[in-house]
Amino acid sequence: MNIRGAEAVMHCLQIEKVDTIFGYPGGAIMPIYDALYDFKDTINHILVRHEQGGIHAAQGYARTSGKVGVCFATSGPGATNLITGLADAMIDSTPVVCVTGQVASHLLGTDAFQETDVIGISMPVTKWNIQVTKAADIPDAMAKAFYIARSGRPGPVLVDITKDAQFGMMDFEYKPCDKIRSYVPTPNIDLARINESVELLNAAQKPLMLIGQGIFLSNAEQELMLFAEKSGIPIASTLLGLGAFPADHSLYVGYLGMHGNYAPNVLTNDCDVLLAVGMRFDDRVTGDVSQYAKQAKVIHIDIDKAELNKIIPADIAVHADAKEALTMLTELINPKQYAHWLQQFRDLEAVEKSEVVNEAIHPLSDQLKMAEVVNLLSEKTNGKAIVVTDVGQHQMITSRYYKYKGQRNNVTSGGLGTMGFGLPAAIGAKLGNPEQTVVAIIGDGGFQMTIQELGTILQSQVDVKIMILNNNFLGMVRQWQQLFFDRRYSFTEIVNPNFTAIAKGYSIEAIKITERGELDQALDNMLNSKGAFLLEVVVEQEENVFPMVETGASVSEMRLK
């Protein structure tokens, strides 16, 4: 076919089996949007209300569908509005391909209207980026983009295409990419490292396994289950690993991190072998690195070699895909049970339940608490709804009290901590999984950062359930101000609009509740509604999230109150 570059972009996407694009048109990407007009029957384009909403929606789509998310934006401010989402996708290993329009090639570097150096700006926050100035180069660039985005440790890719390349004619031929010189996304496992790991694990008396999002990314949920049930090793999860192992399994001992569960955090500094798979030892997991698991032999398995020995020195560093490594470990490890060691987790779990959980989900105060709301939602959905959270106290509460039992049903901004992520990511999650219930749990602050995406829900009729936990504060910052800054609440109290009225303005059914007696029925109304629904729950203003590892403290110094 002798076609324009813009048409070539669409044919590339069609061959890559892209069925959904999130985007916002503009001058420099107009030829691609004109070509998209002829693909409306096979590719669903979702018109977002802001480019940041577009890339967060693409992230939500990718995280829950297992496919590559795709978004379009124009040059200049359109492209720069993607940067936060690119950074978020980069640190959370989310496969996204962003196609941006650019001014004509002869205008590059002239400060032309809506010109920015998006390649220079996005380089630190993309796995790969490229600027295309000739139509003939588009198929090769797009093929590499999809291959790089989805292979190895996934990540975001940006393809910037000048306007003359979009208009230019070319003979179209597309060859999907499966190899790039010097790029080795899936390493060959060193069998000696596997054998050394098995030897350590077989000799362990108090082993502990830490799992991260790498389990999802390598589709290793089944392999993890087989390894767990043969090895008998207790399993704890990072924030992004929640749901990779069922929360109600007898070997699951909880959630790691600053506001995680008491037992896995404290006993990290008591185990004798620490097996970490598909996680990167984020500072929110380790606390004070100088005091982290010093007594333990550390086995670290990760597909990204750069993560090995980066933060926690490993006694055995295994550069490998999680699925492949777990399969090999399962074949070699001895069946074992650790009843006494598991009991130590249950004893500390009982302490946390007595000191924190019981009062959180069955509060004595008259005011509703976030924890009881999330706990009841978890019960009503049996832990199987796709739950998308924004960032803040509600995010930590949800990670603690929603008992994830589904696969890929936990979507949140982990490494970057992006307020405004929740609403657009929920839109993407629903479009990637139209048969599943999708609930966005959002704070009143973060909701207003991307509130305009209610317009996307209206136009595209996206069946998303939105639950705002409203405490009229930027809650996480307020908690720190209370605990560490003598209650000097500097600009964290927030005056909110009438959220239900705004939702109704977008033809979204909405209710607001303030009393405990209203909660059960309100959740039923939300979950059983046909179409989008917004539930605003007014919660205790100064509710805090505990347990908590203070900055600079060891995980074994976790405070309960």
Donor-acceptor side-chain pairing of [X] and [Y] below 3.5 angstrom:
| X | Y | answer |
| --- | --- | --- |
| N219 | K323 | no |
| E223 | T327 | no |
| Y292 | T286 | no |
| E229 | H249 | yes |
| T456 | E453 | yes |
| T20 | N44 | no |
| D92 | T94 | no |
| T412 | T389 | yes |
| D347 | Q344 | no |
| H56 | Q59 | yes |
| Y404 | S378 | no |
| Q393 | E543 | no |
| Y402 | N409 | no |
| T64 | N433 | yes |
| T186 | D321 | no |

Presence of salt bridge, [Y] and [X], under 4.0 angstrom:
| X | Y | answer |
| --- | --- | --- |
| E16 | R150 | yes |
| E352 | R400 | yes |
| K369 | E372 | no |
| D270 | K206 | yes |
| R280 | D304 | no |

Could you tell me whether a side-chain N or O of [X] sits under 3.5 Å from a main-chain N or O of [Y], the two making a donor and an acceptor?
| X | Y | answer |
| --- | --- | --- |
| S399 | M396 | yes |
| D390 | G420 | yes |
| R153 | S93 | no |
| Q479 | V545 | yes |
| N265 | N261 | yes |

Hey, can you tell me if W341 and F345 have their rings parallel, tilted or perpendicular (30° and 60° cut-offs)?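 Perpendicular, since the angle between the ring planes exceeds 60°.
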
Look at the rings of Y61 and F22 and say which category their plane angle falls in: under 30° parallel, 30 to 60° tilted, over 60° perpendicular.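 Ring orientation of Y61 relative to F22: perpendicular.
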
Residue among L527, I466, L535, V388 satisfying side chain to side chain contact (heavy atoms under 4.5 Å, CB included) with V439: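 Of all the options given, the one that passes is L527.
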
Name the one of N471, V374, N470, I441 that satisfies side chain to side chain contact (heavy atoms under 4.5 Å, CB included) with H394?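 With H394 as partner, N471, V374, N470, I441 yield a single side chain to side chain contact (heavy atoms under 4.5 Å, CB included), made by I441.
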
What do you reckon, are the aromatic ring centroids of F281 and H300 less than 6.0 Å apart?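 Yes, the ring of F281 comes within the 6.0 Å limit of the ring of H300, centre to centre.
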
Sub-4.5 Å side-chain heavy-atom contact between K405 and D248: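 Yes, at least one pair of side-chain atoms sits under 4.5 Å.
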
Under a 4.5 Å cut-off applied to non-hydrogen side-chain atoms, are L469 and D444 in contact?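 In short, these two side chains do not touch, never coming nearer than 4.5 Å.
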
Please check if atom [atom1] in [X] has more than 12 non-hydrogen atoms from other residues, nucleotides or ligands closer than 6.0 Å.
| X | atom1 | result |
| --- | --- | --- |
| Q481 | CD | yes |
| K336 | NZ | yes |
| E199 | CD | no |
| N188 | CG | no |

So S237 and Y255, side-chain hydrogen bond (donor to acceptor under 3.5 Å, both in side chains) or not? Walk me through it. CA-CA 5 Å; S237 171; Y255 156 54; over 6 Å; no

Just jot down the side chain to side chain contact (heavy atoms under 4.5 Å, CB included) partners of A350, sequence neighbours excluded, or say none.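 Applying side chain to side chain contact (heavy atoms under 4.5 Å, CB included) to A350 gives none.
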
Measure the CG-CD distance between L251 and Q337 for me, rounded to the nearest 0.5 Å.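 Reported value, rounded in 0.5 Å steps: 9.0 Å.
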
Roughly how far apart are I215 CD1 and Q222 CD, rounded to 0.5 Å?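 Here the rounded value is 13.0 Å.
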
Show, in sequence, the C-alpha distance, side-chain angles and deciding distance for D88 and S413, and conclude whether the side-chain hydrogen bond (donor to acceptor under 3.5 Å, both in side chains) test is met. CA-CA 7 Å; D88 194 286; S413 172; 2.5 Å; yes

